[in-house]
Amino acid sequence: MSFIAKPKVAHPSLPRNALGLTRRDYEGGMSTLCAGCGHDSVTAAIVEAIWEMSIRPEQLVKLSGIGCSSKTTAYFDSGGHGFNSVHGRMPSIATGAISANRDLHYVGVSGDGDTLSIGFGQFAHAIRRNLNMLYIIENNGVYGLTKGQFSASADIGTKAKRGEENRQPPVDPVLTALTLGGSFIARSFSGDKEQLVPLIMAGLRHRGFALIDVLSPCVTFNDHQGSTKSYSFIRENYDAVVHADFIAPAQEITASYAAGEAMSVAMHDGSRILLRKLDPSYDPTDRTRAYAYLRSRLAQGEYVTGLIHIDESSPDFHEVSGSSTTPMNQLPYARLSPGSEGLKKILNRYR
Amino acid sequence: MPHPQDSQNRINDFVVKLANVNGTGSASANTLVMKSIFRMGIPVIGKNYFPSNIQGLPTWYEIRVTREGHAARSSRVDLMVAMNAETYAKDVKDVSAGGYLIFDSTWPRPMLLKRDDITILGAPLARMCNETFQGVRSRILLKNIMYAGLLGALLDIDLQIMRTLLGESYANKKALLDSNIQALEIGYNYAKEHFTCPLPLRLEPMDKTSNHILIDGNTAAGLGCLYAGATVGAWYPITPSTSIMDTFKSFCQKWRVDAQTGENDFVIVQCEDELAAIGAVIGASWNGARAFTPTSGPGISLMNEFIGLAYYAEIPAVIMDVQRVGPSTGMPTRTQQCDLMLAAYASHGDTRHVLLFPSNPEECFYLSVQAFDLAERLQTPVFLMSDLDIGMNDWMCTNLAWDDEYQPDRGKVLSKEQIEKLDKFYRFFDHDGDAIPYRTLPGVHPKGAYFTRGSGHNQYGGYTEDATEYQIVVDRLKRKFDTAKTLVPEAVLTGDGTHATGIISLGSCDGAIQEALTLLERQGIQLDYLRVRAFPFGEDVEAFLAAHSLVFVVEQNRDAQFKSLLTLETRVEKEKLSSILYYSGLPMASDVVVDGILAELGRRQHPSVGGKRPSPVIKLQPSFT
Ligand SMILES: Cc1ncc(C[n+]2csc(CCOP(=O)(O)OP(=O)(O)O)c2C)c(N)n1
Ligand code: SF4
């Protein structure tokens, strides 16, 4: 994972968040991805979201696997710890990290290759465990880092840069997550910052596994005619079902969701997502209908974007585990060991 | 019937083998017999031979009563309790000359009469059970307790102890307790009425177990994890390691649940596979919790990529490998020491890992605690290399003790205050000359933030593809392995170290070797014995190898993996090493060692037989020629 250190000089007039930090404080190393790569726009959206949310830089943990997309964790929040793990296996690193300390924010960034091929099993189980993390797939339909092979999300009929046609049906991470009981499922497009930023903010606030599948074109290997994950194709076949706005707990919200086709989803910590519905029939809390709607649109070659499903009621990993509210890594040893007297009692069973 | 001396008058020194059918609940009867003997103050060990199946196939449980307190299996069988019709023929054959066989005479077994050098005793167990108890299941279960009663009378087990033990097992289940006691007494009385009790092989109370426990290695390792302060356990079930997590969990449920809130001071993740299990351990350790995963060979195979990451990114991880027979799925319920090479160099690239070799459950306890300390001190994966024999069999061990002064060694983790004072934090810099860098934990301080990666990095933590920068880091990792040599547990020497010939070994071979040493000494052959407890090998191992002109390397695998490690990682001349290999899958008995040593010494005494090698300087007593 390569990056070039970015000089940190903030202009005095730059806006500051509640912590007094500017956007520059949430940046990372200089990207070494191809100019125009969709992944860099996602990075920018993440920076915007975490700045706006006033997350302490060191309280954010950035996890990834391997791939161009997985490199992006190095390009934001240099004050947070990053972990570039092995190909496809970031979810298990996240499982352990979240087990050890439930008090931090966890952002996983992965690719469609990383998640839907080699990492499909771990991805599924992270959803199933409802790990409290934001999981972003930067989905470009190809393996970028290994130079343009089809990934498992490539659509039938997609043409590779060299002309080869994909004949296998794609794995859709959103449909997968819906089937597996995912509690926050969204899709967006790297070129739509307006939609992506509130989704990231809501995903970070969601207690449980928040998936955002971001269509993020690879300008080098998958942005040509015949590719269904190119900028032009996505722009043309883009169907936002809801327009999402994120509202932090302290903000005034009264007037903003009174309008007819708006819906306000309360999150566990008091924050809200305000959804202005573009498709009046769409209800993101209804999993079955969301699934049917998505499938029908996909059949017409359309990508449904926005907050596709949310369920704030399902318990997250720590709630299911019944683990202590004090993070595991902060439990004092004295509380963990039964001591010599305890040992004597334990051993009586073995005589 | 002729009774050769062999199995006669063996007071507190014989083997009872119980042949059963898997899934018939014989385990509690067998444990009852063994624990009763233990409570009479007589040393015992128990070995379980079970198939990789749940129901129906043959199992054997072997109780060795060993006055002298040996820890290994004995290859003799003095008394066979043949409860499995399908294995009668084999079971009859396995009894040592002069020994005894007990069978269920409800059904006539004419073929049992084929041996006239053993005594065959029949008791109508099934019939008596059917006459007394209702229900198919309880009849099967109580038949086992009935043979425990028979053994009670035949061997002179204190009946009161047996009753007490049953009372402890069924403390809150009066009906069950009553029927168990009844079955026990029916068996006991039948033997008293129909046989001359006790047999010439019998028990006499001793006082050699008061300071001891009967425990298996997996339970002890699970207990070690509890005492080490492990808070995260991640695993994927695999025989024979599964019970480590089972016991850890039950200890946690007893000791780590807040009485007021009901909250758990532990997280156990049953993962989707071993790849995820080791990933979770690495993630949790990276984030500052003590985390571990129990597994066996196939699991280690899957974990390789991640193990390399933990090595290179310098993240602690505790991996408990309860070895079973390989290669591939091998024999899941048989024992071996066949993962040594796999673990020592796990993963691609130049990697080397710290391994600890417990020789019994007692060491499983202490060394598992030490595994966490070493993993955090060295910031690297540490393997506890147990095996099925240690992990799943019942061993008599000295009482475990705990020092309340113990504080976990969390290694070089910088606190918020320490980071605050730093000008800049460099993750992989060797500040102290011991090749161990400092680490910081997420969430503590923005200045401590760094990027963890398995790709090339320099000593400051930055990505690099520069040759020199890369080499600085990997050369330090090699020096860190040298530091590990000074931190791992020392080898244990038996003997005064002055003999010309030595034995070097590890892990569960210990019991057989210790017993072999006494047997050889009776023949006038004295050797020194070094039991290695860790890899990397320390200077004590080098010194032992240098001081002996012939060294037997005893281990349980086909390809002499331990010997390979010794030749690769020490300065020893290969010619000095002579392998004694045992890899049947059964726990090793002392005759393997005795026979192996005698054969080799014989060859070396007679060059015409053994080739042209010069005979080593060994002081042999005249009795050995
Ligand atoms: C075990 C393993 N196999 C193969 C690779 C090679 N590899 C690196 S990145 C990658 C694909 C990445 O694709 P994707 O996740 O879609 O990310 P993108 O580069 O397209 O953003 C592959 C196959 C690897 N690093 N590890
Ligand atoms: S190869 Fe594609 S995915 Fe990788 S950086 Fe370039 S544009 Fe982005």
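Lettering follows sequence order; numbering is per chain, from 1. Just the heavy atoms: all of them, side chains too, but no hydrogens, waters or symmetry mates, feed the values below.
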So which of [options] has the largest heavy-atom pair count under 4.5 angstrom toward chain A?
options: Val267(B), Asp404(B), Asp265(B); answer: Asp265(B)
options: Ala230(B), Ala234(B), Pro408(B), Gly262(B); answer: Pro408(B)
options: Thr231(B), Asp273(B), Leu226(B); answer: Thr231(B)
options: Pro442(B), Gly229(B), Gly443(B); answer: Pro442(B)
options: Val281(B), Asp394(B), Leu223(B), Thr261(B); answer: Leu223(B)

Measure [X] against the heavy atoms of chain A and call it side chain, backbone, both or neither at under 4.5 Å.
X: Val444(B); result: backbone
X: Gln270(B); result: backbone
X: His457(B); result: neither
X: Ala291(B); result: neither
X: Ile278(B); result: neither
X: Ala277(B); result: neither
X: Ala313(B); result: neither

Query raised in the report: So which residues of residues 120-128 of chain A are in contact with chain B at a heavy-atom cut-off of under 4.5 Å?
Result: Gly121(A), Gln122(A), His125(A)

Query - Exam field: side chain Tyr450(B) to backbone His81(A), donor-acceptor pair closer than 3.5 Å - result: no

Query - Full working for side-chain contact (heavy atoms from CB on, under 4.5 Å) between Leu63(A) and Trp286(B) - result: CA-CA 12 Å; Leu63(A) 306 154; Trp286(B) 174 77; 4.3 Å; yes

**Report entry** Nearest atoms (heavy-atom pairs only) where Ser78(A) meets Ala449(B)
**Finding:** O-CB, 3.6 Å

Requested in this report: Determine the minimum heavy-atom distance between Ser92(A) and Gly279(B), stating which atoms define it.
Outcome: OG-CA, 3.4 Å

Any chance you could measure [X], atom [atom1], to [Y], atom [atom2], to the nearest 0.5 Å?
X: Thr219(B); Y: Tyr350(A); atom1: OG1; atom2: OH; result: 5.0 Å
X: Ser340(A); Y: Leu400(B); atom1: OG; atom2: CG; result: 12.5 Å
X: Leu331(A); Y: Phe266(B); atom1: CG; atom2: CZ; result: 11.5 Å
X: Asn399(B); Y: Leu343(A); atom1: CG; atom2: CG; result: 8.0 Å
X: Thr73(A); Y: Phe451(B); atom1: OG1; atom2: CZ; result: 3.5 Å
X: Ser337(A); Y: Gln407(B); atom1: OG; atom2: CD; result: 9.5 Å

Give, as side chain, backbone, both or neither, the part of [X] having an atom under 4.5 angstrom from any heavy atom of chain B.
X: Tyr333(A); answer: side chain
X: His318(A); answer: side chain
X: Lys62(A); answer: side chain
X: Leu104(A); answer: side chain

Query - Those residues of residues 36-45 of chain B, ordered by number, that approach chain A below 4.5 Å (heavy atom to heavy atom) - result: Phe38(B), Arg39(B)

**Report entry** chain A-proximal positions within residues 302-312 of chain B [heavy-atom distance under 4.5 Å]
**Finding:** Glu305(B), Phe306(B), Leu309(B)

With a sphere of 6.0 Å drawn around [atom1] of [X], does it hold more than 12 non-hydrogen atoms of other residues, nucleotides or ligands?
X: Arg349(A); atom1: CZ; value: no
X: Lys249(B); atom1: NZ; value: no
X: Tyr460(B); atom1: OH; value: no

**Report entry** Side chain to side chain, Phe83(A) and Ile315(B), heavy atoms closer than 4.5 Å
**Finding:** yes

Counting heavy-atom pairs under 4.5 Å to chain B, which of [options] comes out on top?
options: Arg335(A), Gln59(A), Glu341(A); answer: Arg335(A)
options: Gly82(A), Ala100(A), Ala334(A); answer: Gly82(A)
options: Pro327(A), Pro338(A), Ser99(A); answer: Pro338(A)
options: Ser85(A), Pro91(A), Ala94(A), Gly342(A); answer: Gly342(A)
options: Leu347(A), Ile98(A), Thr326(A); answer: Leu347(A)
options: Asn348(A), Thr325(A), Thr95(A), Asp77(A); answer: Thr325(A)

**Report entry** Donor-acceptor side-chain pairing of Ser323(A) and Asn264(B) below 3.5 angstrom
**Finding:** no

**Report entry** Side-chain donor-acceptor pair present, Asn287(B), Tyr106(A), cut-off under 3.5 Å
**Finding:** yes

Report task. Evaluate the side-chain contact (heavy atoms from CB on, under 4.5 Å) criterion for residues Trp255(B) and Ile346(A): first the C-alpha distance (whole Å), next the side-chain angles of each, then the deciding distance (0.1 Å), finally the verdict. Result -> CA-CA 10 Å; Trp255(B) 297 93; Ile346(A) 291 171; 3.4 Å; yes

**Report entry** Ser28(B): side chain to side chain donor-acceptor pair (under 3.5 Å) partners, not counting sequence neighbours
**Finding:** none

Query raised in the report: Charged N to carboxylate O below 4.0 Å: is that the case for Glu58(A) and Lys416(B)?
Result: no

Query raised in the report: Stepwise, does the side-chain contact (heavy atoms from CB on, under 4.5 Å) test hold for Arg351(A) with Leu214(B)?
Result: CA-CA 6 Å; Arg351(A) 283 181 226 286; Leu214(B) 273 182; over 6 Å; no

